[in-house]
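Step one of this worksheet: look at the structure below.
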Amino acid sequence: MKKHDDGFFERVYAAVRKIPPGRVTTYGAIARCVGSPQASRMVGWAMNNSHTCGEYVPAHRVVNRNGMLTGKHHFDGPEVMASLLRNEGVRVEDDRVLDFQEKFWNPVPDTDL
DNA sequence: GGTGTGACAATGG
DNA sequence: GCCATTGCCACAC
């Protein structure tokens with residue numbers, strides 16, 4: 001047996017990978033989905049290490065609570081994140097997701113919490 | 001094993 | 001209502 005998971009990151013990656021194209025979510029939502037709603041900061045860091053995970057993680061679909069592309073700077077380029085989102089049909093302006101509320105996708109379909 | 005960090009979030013003034 | 005600060009949790013060095 002395997003442990004429950006090699007780390008908190010694995011859960012984050014899994015949740016982010018579940019984000020359908022054209023949709024976005026927040027760090028807090030993912031953090032909550034993985035069981036640590038307070039570890040929202042860790043989620044962002046997980047994204048930074050996402051490239052070390054070996055698997056592709058659509059981190060560009062993850063934005064902060066305000067829908068702002070805070071992590072765009074951590075991509076291959078500051079324009080990559082917005083470009084990817086636009087490419088998926090997400091309207092982005094001023095480094096922020098328009099209709100964020102509309103595009104927001106909850107990793108937890110029905111939380112019991 | 002301790003310290004620092006980190007792409008947030010919530011609260012206070 | 002906006003700006004500033006703290007809290008938080010798990011990982012990397």
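Residue numbers begin at 1 in each chain, while the letters A, B, ... track the order of the sequences.
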Exercise. In terms of the nearest nucleotide of DNA chain B, which residue is placed more toward the 5' end: Ala39(A) or Thr26(A)?
Worked result: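 Nearest nucleotide further toward 5': that of Ala39(A).
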For this session: Give a yes or no on whether His51(A) atom NE2 has more than 12 heavy-atom contacts from other residues, nucleotides or ligands under 6.0 Å away.
Result: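 Atom NE2 in His51(A) is crowded, with more than 12 foreign heavy atoms closer than 6.0 Å.
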For this session: Return yes if some donor-acceptor pair links the side-chain N/O of Asn49(A) with the main-chain N/O of Trp45(A) below 3.5 Å, else return no.
Result: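 Confirmed, Asn49(A) side chain pairs with Trp45(A) backbone.
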Using a 4.0 Å heavy-atom cut-off across all strands, classify [X] as base, sugar-phosphate, or nothing.
X        : result
Asn64(A) : sugar-phosphate
Phe75(A) : base
Ala59(A) : base

Between [N] atom [atom2] and [X] atom [atom1], what is the distance in whole Å?
X        : N       : atom1 : atom2 : answer
Met47(A) : dC11(C) : CE    : P     : 13 Å
Gln38(A) : dT11(B) : CD    : P     : 10 Å
Arg32(A) : dA10(C) : CZ    : P     : 17 Å
Phe8(A)  : dT5(B)  : CZ    : C1'   : 15 Å
His51(A) : dA12(C) : NE2   : C1'   : 12 Å
Tyr27(A) : dA7(B)  : OH    : P     : 9 Å
Leu85(A) : dA7(B)  : CG    : P     : 18 Å
Arg65(A) : dG7(C)  : CZ    : P     : 21 Å

Problem set entry | Linked, directly or transitively: Val80(A) and Val63(A) (ILVMFWY side chains, under 4.5 Å) |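 Hydrophobic grouping puts Val80(A) with Val63(A).
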Exercise. Per the atom types in the model, does the base of dC8(C) pair as donor or acceptor with the side chain of Arg41(A) at under 3.5 Å?
Worked result: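 Answer is yes: a donor-acceptor pair is held.
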For this session: Tell me, please, which residues at least two apart from Asn87(A) pass side-chain contact (heavy atoms from CB on, under 4.5 Å).
Result: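 Checked Asn87(A) against side-chain contact (heavy atoms from CB on, under 4.5 Å); zero matches.
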Exercise. With Tyr56(A), which residues qualify under side-chain contact (heavy atoms from CB on, under 4.5 Å), at least two apart?
Worked result: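 Tyr56(A) satisfies side-chain contact (heavy atoms from CB on, under 4.5 Å) with Pro58(A), His60(A) once adjacent residues are dropped.
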Exercise. Out of dA9(B), dG6(B), dC9(C), which nucleotide sits closest to the side chain of Trp45(A)?
Worked result: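 Among dA9(B), dG6(B), dC9(C), the one nearest the side chain of Trp45(A) is dG6(B).
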Exercise. Ser40(A) side chain: which of dA9(B), dA7(B), dA10(C) is closest?
Worked result: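 The answer is dA9(B), which lies nearest to the side chain.
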Exercise. Would one find a side-chain N or O of Thr70(A) under 4.0 angstrom from OP1 or OP2 of dC8(B)?
Worked result: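 It does, given that an N or O in the side chain of Thr70(A) lies less than 4.0 Å from OP1 or OP2 of dC8(B).
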